[in-house]
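Everything numeric here is computed off the predicted structure, so don't read it as measured data. In what follows, chains carry the letters A, B, and so on, assigned in the order in which the sequence lines appear, proteins first and then strands, with residues in each chain numbered from 1.
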2 protein chains.
Amino acid sequence: MRNGDLRLATELAPQRSFFATIAQKKHIRPMNQTVIPKPDYEAALREAGVRITRPRRVILGILSDAGDHPDAMEIFRRAVAIDSSISLSTVYRTMKLLEGIGAIHRHAFEGGPSRFEPAVGDHHDHLIDIETGDVIEFQSDRIEELQQEIARELGYEIVHHRLELYGRKRRRR
Amino acid sequence: MRNGDLRLATELAPQRSFFATIAQKKHIRPMNQTVIPKPDYEAALREAGVRITRPRRVILGILSDAGDHPDAMEIFRRAVAIDSSISLSTVYRTMKLLEGIGAIHRHAFEGGPSRFEPAVGDHHDHLIDIETGDVIEFQSDRIEELQQEIARELGYEIVHHRLELYGRKRRRR
DNA sequence: AATGCAATTGCAAATCGTTTGCAAATAGAA
DNA sequence: TTCTATTTGCAAACGATTTGCAATTGCATT
């Protein structure tokens, strides 16, 4: 969570000042600049007792170096570029499998198809740029606490939750 | 296990004590016990310059006394019980129309189809009972503020957002 | 009350994202 | 290498929703 680590230099550069600012707000943590450890999907799959096939290896590779939140069709496109024999069904089946063993998260953002993300690192929520579809991850302890509090007051225990902010870049003023 | 129609009384009663309790927490407002003003859909439609047809009148009636968050199929069922000639397409078309003029909100809760709710009263978020599908509305100024703050820090303005808590009733201890 | 016509309807077929049945291919234990 | 249960690609099925079209209807006009 240090703000020196860089991913996507092009994207990071103009925002550096933001992150410097945010770093002071201890309860809001933007997560995009975090260095994400590549998950060892193969080990996870082996542990789940499933076979490591060629299509799966390709898809896992795509996932582990996806810096974005691709949908099934996009994963399929990237997969076909590597091995043209891979089918969309297999992509869907693999996503379901990975989701089942908790290796990825599925997000149903507004409108479009499900988008996927490796399940690494801490929990976080999402801000979706409604103009570009870009997803910015963030984490707020206070919001998490508040959610807990609310559920408790209403007599419920939270199994999971979904917080999505849909917005557009603020005009630099 | 879909949600039946009128379990209001039976379900509300045991919760009354909750609401009494919650009423003290000024920043969390459960909204289920609120007296909801019935919206004048016909006026809204007329204003939007569309015709008040028989199917529309039936659907509007259903919406304005729906205490729950029905999906299109459920609205269709209730509509057919009143006028068997109404079609599902018309339900969908009417929902889209109403959504367009801001008279209802569409919610895409996890898994299932879109569910609808008259757009009356304040903004609120939802807690979905994953066992029954029941929806509990709540409102938290603090969460709203935090969201604003987060978006601001990230350089975005929020256009809208979605906060859904999925949980189950806590075992009464 | 009768007319005219655009708005609206019901129906069936189309669409989108996703899942599934099945026969052929293959991972990986023996 | 052999074996067989698992996995695959394909096409067809799926559930939610939308759409084209010809028939109907609201309603402004006579």
Of the candidate nucleotides [options], which contains the atom at the shortest distance from the side chain of [X]?
{"X": "A:R93", "options": "C:dA7, D:dT6, C:dT20", "answer": "C:dT20"}
{"X": "A:P113", "options": "D:dC10, C:dG17, D:dG26", "answer": "C:dG17"}
{"X": "A:P55", "options": "C:dG17, D:dT8, D:dA16", "answer": "D:dT8"}
{"X": "A:S89", "options": "C:dT9, D:dT7, D:dC10", "answer": "D:dC10"}

Exercise. Is there a side chain to side chain contact (heavy atoms under 4.5 Å, CB included) between A:E117 and A:R106 once you walk through the steps?
Worked result: CA-CA 7 Å; A:E117 162 188 33; A:R106 172 193 301 264; over 6 Å; no

Exercise. Which part of the nucleic acid does A:T53 contact within heavy-atom distance under 4.0 Å: base, sugar-phosphate only, or nothing?
Worked result: sugar-phosphate

Exercise. With distance as the sole criterion, do the side chain of A:R46 and the base of C:dG28 form a donor-acceptor contact below 3.5 Å?
Worked result: no

Counting only side-chain nitrogens and oxygens, does [X] get under 4.0 Å of the OP1 or OP2 atom of [N]?
{"X": "B:Y92", "N": "D:dT17", "result": "yes"}
{"X": "B:S114", "N": "D:dT17", "result": "yes"}
{"X": "B:R56", "N": "C:dT9", "result": "yes"}
{"X": "A:K96", "N": "C:dT19", "result": "yes"}

Exercise. In terms of ring plane angle, is the pair B:H107 and B:H105 parallel, tilted or perpendicular, where the classes change at 30° and 60°?
Worked result: tilted

Problem set entry | Atom CZ of B:R54: over 12 foreign heavy atoms under 6.0 Å | no

Exercise. How long is the span from the CZ atom in A:F138 to the CG atom in A:D125, to the nearest 0.5 Å?
Worked result: 4.5 Å

Seminar exercise, completed: Whole-Å distance, A:L88 CG to C:dT18 C1', equals 8 Å

